[in-house]
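Note on naming: letters A, B, ... go to the chains in the order of the sequence lines (proteins, then strands), and numbering restarts at 1 for each one.
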2 protein chains.
Amino acid sequence: MIDARPVGYVIGLLLLILATSMLLPMAADLIEGNGEWFVFFESAAMTWLAGMSLALSCSNAVRDRLSLQQTFLLTVTVWVALPIFAAIPFMLGATNASATDAFFEAMSGLTTTGSTVFSGLDDLPAGVLLWRGLLQWFGGIGVIVMAMVFLPELRVGGMQIFRSEAFDTMGKVLPRAAEISAQISTIYVGITVACALAYGAAGMNAFDAAVHAMTTVSTGGFANYDASFGAFKGPHEYIAVIFMLSAAIPFVLYVRLVNGDAAPLWRDSQVRVFLAIYATLVTATVVTLILDFNYGVETALREALFNVASIMTGTGYASVDYMQWGGFAVALFFFLGLIGGCAGSTSCSIKVFRYQILFAAAKAQIRRIHSPHGIFRPRYEGRPVTDDVLNSVMAFFVMFVVSLGITAVALAMTGLDFTTSVSGAATAIANIGPGLGDTIGPAGNFAPLNDTAKWILSAAMLTGRLELMAVFVLFTRRFWLA
Amino acid sequence: MIDARPVGYVIGLLLLILATSMLLPMAADLIEGNGEWFVFFESAAMTWLAGMSLALSCSNAVRDRLSLQQTFLLTVTVWVALPIFAAIPFMLGATNASATDAFFEAMSGLTTTGSTVFSGLDDLPAGVLLWRGLLQWFGGIGVIVMAMVFLPELRVGGMQIFRSEAFDTMGKVLPRAAEISAQISTIYVGITVACALAYGAAGMNAFDAAVHAMTTVSTGGFANYDASFGAFKGPHEYIAVIFMLSAAIPFVLYVRLVNGDAAPLWRDSQVRVFLAIYATLVTATVVTLILDFNYGVETALREALFNVASIMTGTGYASVDYMQWGGFAVALFFFLGLIGGCAGSTSCSIKVFRYQILFAAAKAQIRRIHSPHGIFRPRYEGRPVTDDVLNSVMAFFVMFVVSLGITAVALAMTGLDFTTSVSGAATAIANIGPGLGDTIGPAGNFAPLNDTAKWILSAAMLTGRLELMAVFVLFTRRFWLA
Ligand SMILES: [K+]
Ligand SMILES: [K+]
């Protein structure tokens, strides 16, 4: 059996951090002169108490390092434990949410999915809006650290291809994961501050600028208004595009840039392919908007740049109801969401490097069909892809598609229609935010769904954010016997 | 450059067979006293002339065997050339179809897809209905021979896993592909006759029994009535279930059965998994129909058995408009169609053995995550799966999903809505027949689609039927340089 106590200890410490962070929305409500501040005080106290009890009761079993099993258990349970406590303010506060709705919103926040069950956002107190933004912001940095430090070590979903890159190349400069995490956190804070300042310069008030910067840089997509980013037309959209795209690029490249080596950023094939796909789809959308919908050139360009970036990076802001852009845009946005950004960023979904590896493998396979006795190895960034990485990526892709199918059928069983079921499953597993159709499309929200559907979606968000395999490993008998 | 003449010679011979087979619908129209007979006479003459010219002009280059390149070229061009000539009667005859519609219907017939652009089927002359049935019937046997003889040799989509099985095991009994083909054809004829007799015994007239037997055993799904199989409620449906399921089982197992070895049929894991999935989904559908839709037990059982078999085997008959069965049934039927039957049968889609291999690979991958230094090899039928097979299957799966996405977006670009685009792409690539939604759902047909959409769907049917890779190979520069 696995000794779960070291895992409990780490979760206890993280709950203490979560409790402390609840003081920020408390302060926001106090400043606004809002009675709601007490909700965050209560929630902080409960979370602090739980974290402290857990940490103390487990502290006697703490060792220098975690075993492989413990690391898996930690990776998954963190993303279940934190949303439970993060949900408390949503239940007690102005949103007065049911346990289901509160957990859904917290999970949607921390996984940076950004699907919301709340409406009337414009009238909510500052504290709860800040709390939603903070959850996404913490989720975003959590995802990067997980993708750079944990997943490569756990050999999940082909992420091991980035193992040597992250550790060996920088081995001389940054010997330990903690140091990388610290550097990345600094960069993450820096980009967020830059984004907030730019939003402020474009005319957002300080509070909106701060919250939207947090949900932009985390590619989370929560907004302070029911109109989502539609509340900020014009220059704000261009700024958002720059920061959404920046957040979808591997953060390790920024670390190298800061350490004086800009070459990797310009040469990285994943970044190039990502930007090439983006440019192509923006062009197609611009042409459609101008020719079929008589948009002016600036409007077409702005809406295309913004909405394609929003879906492709998995941010999920809407600035217009693109359900109105006809079948082409709808189908495009559905499949676009299944591409995603780059690995090691805050963005989600299948990700560009996996498509690069899968296409390289398919190409090698076609060559092998031609010349049955030839040896053809798929390559990534010029280096041959090992069987281990290739199998991991393919297993990931298969499980992604199968999970999407099973989730969609499960959602349909709860009574949802075809478009809502299929797009809901996709938006949750790929952590995008909005779905398609009248209910969960960019003009709607997730409140009208039944409770079962909300729990299914919550589980799908978690599974997708943890790159699937990290979750599925826990469902094997072998895991618990090891 | 490839010498295309041997390919032209074989296609010429096949066109002569196609021309000869046009005499059957001609006879049917003559018996019915229908002036339409002349259309088939004309079409036969044209096709015969083209076939003879092609065969004669290429005959001087015929060698003992085809090269790998020539085999690929043959496999693909056969499925383009035959529909062109098979379409002639649809243009000249009572259906008076445009070139686009006629080609779509012929391609849909020969690939055993069964999507139709014709309505008013009930009033069409016997000849054209028989022609539609014959196209599917020829397509069905063509698919089995291709899957057993050509694709394993071409190492396409993991079909090479059946190579040794088909040839080595039976090597003593049946040394050559031609002999296997002959045995399989005999079995195919036998099953078709049995099906027709059963339909006749249940009350169909001789003509309907013959045509529907042909479209059942080929899992094609063309019907003689606008109501599809809804025109034959009750016992006919149970008979159809038995023969649709029989047609979705590897025909090599019947060859062995006829040769006195029944064990492979009972022990084959692909058949077991196929039937297990079928039983599970029938049960779920029965429960839904009884509880949510107040069906009687017999009706629920019959409709579930029939419609689940129809979609899963890719036959695509509808006996009811299952769009009325709510989101659950619709989403279930969508993903069900992406499972398909067994390899080496007339059925289509991704097929059960590929899922078995993919799941075995994912399981091995999860074990490898546990024990990074262990060696875990996926197994199929107790034997380790080679890297070549595994990579082929995975490449197939990736290309299937990516093709589905690209086809759906292309359809949406022609102006179709989301549900029609996505389900149309799936039903074409998986050769099922009906889609979802008001237009192409079980209660509608493909006539209202624009011409571009029909050509896209025709290309998708062809690509899906040839297991994708056989087509994609032709689009590589290397292929034409070799
Ligand atoms: K998001
Ligand atoms: K079919």
Side-chain angles (χ1 to χ4, degrees), chain A residues 68-69 72 154-156 288 326-332 334-335 338 355 358-359 361-372 387-388 390-392 394-395 397-399 401-402 405-406 408-409 411-423 436-437 469 472-473 476 478-479 482, chain B residues 68-69 72 154-156 288 326-332 334-335 338 355 358-359 361-372 387-388 390-392 394-395 397-399 401-402 405-406 408-409 411-423 436-437 469 472-473 476 478-479 482:
Chain A
L68 190 66
Q69 268 76 11
F72 269 111
L154 299 178
R155 306 157 68 89
V156 161
T288 307
F328 163 62
V330 173
L332 177 69
F334 179 78
F335 291 103
L338 301 183
Y355 284 100
L358 290 171
F359 275 101
K363 205 171 142 195
Q365 192 56 38
I366 287 177
R367 290 189 169 190
R368 223 172 280 132
I369 291 173
H370 285 306
S371 319
D387 279 344
D388 180 43
L390 185 58
N391 288 334
S392 297
M394 287 182 157
F397 187 81
V398 171
M399 297 315 279
V401 174
V402 170
I406 292 174
V409 171
L411 288 173
M413 284 182 77
T414 72
L416 306 187
D417 66 79
F418 179 73
T419 302
T420 305
S421 301
V422 172
S423 69
L436 298 173
M469 292 318 227
F472 294 152
V473 162
T476 56
R478 182 178 282 253
F479 179 83
Chain B
L68 189 68
Q69 268 77 9
F72 268 111
L154 298 177
R155 308 158 68 90
V156 161
T288 307
F328 163 61
V330 173
L332 177 69
F334 179 79
F335 291 102
L338 300 183
Y355 283 100
L358 290 172
F359 275 102
K363 205 171 142 195
Q365 192 55 37
I366 287 176
R367 288 188 172 191
R368 223 171 280 133
I369 290 172
H370 285 308
S371 319
D387 280 342
D388 179 43
L390 185 59
N391 286 334
S392 297
M394 287 181 157
F397 187 82
V398 171
M399 295 317 279
V401 174
V402 171
I406 292 173
V409 172
L411 289 173
M413 283 182 76
T414 73
L416 306 186
D417 66 80
F418 179 72
T419 303
T420 304
S421 300
V422 172
S423 70
L436 299 173
M469 292 317 226
F472 294 152
V473 163
T476 57
R478 183 178 282 253
F479 179 83

Interface check, chain A: of B:A361, B:S421, B:S392, most non-hydrogen pairs under 4.5 Å belong to B:S392
If we only count heavy atoms from C-beta on, is the A:L390 to B:N391 side-chain gap below 4.5 Å?
yes
Correct closest heavy-atom pair for B:A331 and A:A408 would be CB-O, 4.2 Å
Pairing residues for A:F334 by the ring pair (Phe, Tyr, Trp, His ring centres under 6.0 Å) criterion, not counting sequence neighbours
B:F418
Heavy-atom pair count under 4.5 Å with chain A, highest-scoring of B:I406, B:T288, B:V402, B:T419
B:T419
Check each atom of A:D387 against the heavy atoms of chain B and say whether the ones under 4.5 Å are side chain, backbone, both or neither.
side chain
Below 4.5 Å, heavy-atom pairs only: which of A:D417, A:V422, A:V398 has the largest tally toward chain B?
A:V398
Using non-hydrogen atoms only, which part of A:L338 is less than 4.5 Å away from chain B: side chain, backbone, both, or neither?
neither
Just so I understand: if I count every heavy-atom pair under 4.5 Å between each of A:G405, A:G415, A:G437 and chain B, which residue has the most?
A:G405
Identify which part of A:M399 has an atom lying under 4.5 Å from any heavy atom of chain B, answering side chain, backbone, both or neither.
side chain
Given a strict heavy-atom distance threshold of 4.5 Å, which part of B:L436 is in contact with chain A: side chain, backbone, both, or neither?
side chain
When only pairs under 4.5 Å are counted, which of A:Y355, A:F335, A:F359 shares the most heavy-atom pairs with chain B?
A:F335
Between A:V401 and chain B, with a heavy-atom cut-off of 4.5 Å, which part of the residue counts as in contact: side chain, backbone, both or neither?
side chain
Heavy-atom contact with chain A under 4.5 Å, split by part of B:L332:
both
Would you please name every residue forming a side-chain hydrogen bond (donor to acceptor under 3.5 Å, both in side chains) with A:T414, sequence neighbours left out?
A:N450
